[in-house]
Protein chains: 2
Amino acid sequence: MQEQLKLDNQLCFRLYTAARLITQAYHPLLSGIGLTYPQYLVMMVLWEQDAQPVNDIAKKLYLETNTVTPLLKRMEAEGFISRSKGKADARQVIVKLTPKGRKLESQASCIPFQLGQAVACRSITPETAPGLYEMLDDLIHTLSSAGR
Amino acid sequence: MQEQLKLDNQLCFRLYTAARLITQAYHPLLSGIGLTYPQYLVMMVLWEQDAQPVNDIAKKLYLETNTVTPLLKRMEAEGFISRSKGKADARQVIVKLTPKGRKLESQASCIPFQLGQAVACRSITPETAPGLYEMLDDLIHTLSSAGR
DNA sequence: TATCTTTGTATCGCGAACGATATAAATAAA
DNA sequence: TTTATTTATATCGTTCGCGATACAAAGATA
């Protein structure tokens, strides 16, 4: 059996698994405020800057519009955001927070801390985390620029 | 705006994005042999050890059977595996490689190398990778044991 | 033996992801 | 000003991923 074809030797499987498990850890916290994890990501983008076209949101999340559009529609149906035609460019759809969506920020403010507890482990520390972030950022940059 | 609620400060978003992008990098390589990435993971489990019950495969991939069962059915329909009732325990479904599935291993053997090229970046090197693996393994272990 | 509990797998429903494709508005070229 | 091209979103179909739930076989208990 090829050593390289073992699960234990693969970076992607680790990332795939870690991403799924940490998203699962978010679930009980997010369901309390009525959001899924991808929806929470969109909210963070909008809390940081309100009133953005779909494309800007998609780019910040490294997602395609065919993923983001249905996501936004569900969030609109839930009353967290509004979607309206752009005035300068009629092709654009501008996404804005509703009062309900804006109010959610304070309710979500404790989530990063709560999650920090769940994720706390021996090898990820204030000393090692920056190195981990750098590696992941580098990987993301390499893969996202290679894709075009 | 809360600093903790920024996308840039979050481990989960990095993992989520990195996992998606690296899975996308696999796509052109895997579609050539007719597999999706999760199906490729199942094949690796079976190449390492043939004839396993559904539950063993699910555990090794940190997935639930309600994800794995439909996955296996699609793979059975494609002719890569067979599913048969266990003899010792009639509840179990034993998953085996078909000749077609076994033959795929040699065709897949170049994939890890090809992907290594795509993933190659400054900060992930033979020196830093073991540390990265350790952090991810630790995180996976922490999250998977906390979940029960 | 009859009943209760656990275990292994499967079904259902919904929300992502994403490749492929479509559509309309904006821009460029002829 | 037509015509062609690019850009911003959206639609469609398929495959995950997973919470909730169902069901039958196996094991434990009464």
Side-chain angles (χ1 to χ4, degrees), chain A residues 13 16-28 30-32 34-42 52-59 61-78 80 83-95 143-144 147-148, chain B residues 13 16-28 30-32 34-42 52-59 61-78 80 83-95 143-144 147-148:
Chain A
F13 175 60
Y16 161 83
T17 304
R20 281 191 310 100
L21 293 179
I22 197 166
T23 302
Q24 283 177 36
Y26 269 99
H27 189 264
L30 289 173
S31 68
L35 292 173
T36 65
Y37 183 70
Q39 291 173 4
Y40 173 62
L41 293 179
V42 171
Q52 297 188 54
V54 173
N55 215 9
D56 287 22
I57 297 172
K59 280 213 168 66
L61 299 181
Y62 299 87
L63 289 168
E64 301 298 318
T65 61
N66 56 1
T67 298
V68 174
T69 293
L71 192 56
L72 292 173
K73 285 188 170 181
R74 284 186 287 268
M75 294 175 72
E76 186 182 32
E78 295 290 332
F80 295 122
R83 302 185 315 134
S84 53
K85 274 250 170 85
K87 282 159 195 163
D89 188 333
R91 291 170 303 180
Q92 290 185 332
V93 168
I94 308 297
V95 181
L143 291 168
S144 64
R148 274 167 293 110
Chain B
F13 175 61
Y16 162 83
T17 304
R20 280 192 311 102
L21 294 179
I22 197 167
T23 302
Q24 283 176 37
Y26 270 99
H27 188 264
L30 289 173
S31 68
L35 292 174
T36 65
Y37 183 71
Q39 290 172 5
Y40 173 62
L41 293 180
V42 171
Q52 297 188 54
V54 174
N55 215 7
D56 288 21
I57 297 172
K59 280 211 168 67
L61 300 181
Y62 298 87
L63 289 167
E64 301 298 318
T65 60
N66 56 1
T67 298
V68 174
T69 294
L71 191 58
L72 292 173
K73 283 189 170 181
R74 284 184 288 268
M75 295 175 72
E76 185 182 33
E78 294 291 331
F80 296 122
R83 302 185 317 133
S84 52
K85 274 251 170 86
K87 282 160 195 162
D89 188 333
R91 290 171 303 179
Q92 289 185 334
V93 168
I94 307 298
V95 181
L143 290 168
S144 63
R148 276 168 290 109

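Computed from a predicted model, the values in this text were never measured in an experiment. Quick note on labels: first sequence line is chain A, next is B, and so on, each numbered from 1.
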Practice item. Between A:Glu78 and A:Ala88, name the one whose nearest nucleotide on DNA chain C is closer to the 5' end. Key: A:Glu78
Point to revise | Position toward the 5' end of DNA chain C (nearest nucleotide), B:Thr65 or A:Leu71 | key: B:Thr65
Separation of [N] [atom2] from [X] [atom1] (nearest whole Å):
| X | N | atom1 | atom2 | result |
| --- | --- | --- | --- | --- |
| A:Gln92 | D:dA10 | CD | C1' | 15 Å |
| B:Tyr40 | D:dT15 | OH | C1' | 19 Å |
| A:Gln52 | D:dT9 | CD | C1' | 16 Å |
| A:Leu21 | D:dC18 | CG | C1' | 12 Å |
| B:Lys85 | D:dA26 | NZ | P | 9 Å |
| A:Leu30 | D:dG19 | CG | P | 13 Å |
| A:Phe13 | D:dG17 | CZ | C1' | 14 Å |
| A:Leu35 | C:dG15 | CG | P | 13 Å |

Does a nitrogen or oxygen in the side chain of [X] sit under 4.0 Å from OP1 or OP2 of [N]?
| X | N | value |
| --- | --- | --- |
| B:Arg83 | C:dT9 | no |
| B:Gln39 | D:dC16 | yes |
| B:Tyr62 | D:dG17 | no |
| B:Arg20 | C:dC18 | yes |
| B:Gln24 | C:dC18 | yes |

What does [X] touch in the nucleic acid at a heavy-atom separation under 4.0 angstrom: a base, only the sugar-phosphate, or nothing?
| X | answer |
| --- | --- |
| B:Glu64 | nothing |
| A:Lys73 | sugar-phosphate |
| B:Pro70 | nothing |

Taking the side chain of [X] as heavy atoms from C-beta outward, which of [options] is closest to it?
| X | options | answer |
| --- | --- | --- |
| A:Leu63 | D:dC16, C:dA17, D:dG19 | C:dA17 |
| B:Pro38 | D:dA25, D:dG17, D:dT9 | D:dG17 |
| A:Tyr16 | C:dA25, C:dT9, D:dG17 | D:dG17 |
| B:Asn55 | C:dG8, C:dA16, C:dA17 | C:dG8 |
| A:Arg74 | D:dA8, D:dA10, C:dG15 | C:dG15 |
| B:Val54 | C:dA25, C:dG8, C:dA10 | C:dA10 |
| B:Thr36 | D:dT15, C:dA24, C:dA10 | D:dT15 |

Could you measure the distance from the [atom1] atom of [X] to the [atom2] atom of [Y]? Nearest 0.5 Å is fine.
| X | Y | atom1 | atom2 | result |
| --- | --- | --- | --- | --- |
| A:Leu41 | B:Tyr16 | CG | OH | 5.5 Å |
| B:Asn66 | B:Leu71 | CG | CG | 11.5 Å |
| B:Thr69 | B:Leu63 | OG1 | CG | 11.0 Å |

Exercise for review: Return the minimal non-hydrogen interatomic distance between A:Lys85 and A:Ala90, and the atom names on each side.
Suggested key: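 Minimum heavy-atom separation between A:Lys85 and A:Ala90: CD-O, 3.2 Å.
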Review point. Would B:Ile94 and B:Gln52 count as a side chain to side chain contact (heavy atoms under 4.5 Å, CB included) if you check the C-alpha gap in whole Å, the side-chain angles of each, and the deciding distance to 0.1 Å?
Key: CA-CA 5 Å; B:Ile94 307 298; B:Gln52 297 188 54; over 6 Å; no
Exercise for review: Classify the side chain of A:Asn66 versus the base of C:dG19 as yes if they form a donor-acceptor pair under 3.5 Å and no if they do not.
Suggested key: yes
Check your understanding: With a 3.5 Å cut-off and just heavy-atom distances, do the side chain of B:Arg91 and the base of C:dT7 make a donor-acceptor pair?
Key ->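 It does, because a donor-acceptor pair links the side chain of B:Arg91 to the base of C:dT7 below 3.5 Å.
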Review point. Under 3.5 Å, is there a donor-acceptor pair between the side chain of B:Gln39 and the main chain of B:Thr36?
Key: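 Between the backbone of B:Thr36 and the side chain of B:Gln39 there is a qualifying donor-acceptor contact (under 3.5 Å).
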Practice item. Would you please test B:Tyr37 and A:Phe13 for side chain to side chain contact (heavy atoms under 4.5 Å, CB included) and show each step? Key: CA-CA 10 Å; B:Tyr37 183 71; A:Phe13 175 60; 3.9 Å; yes
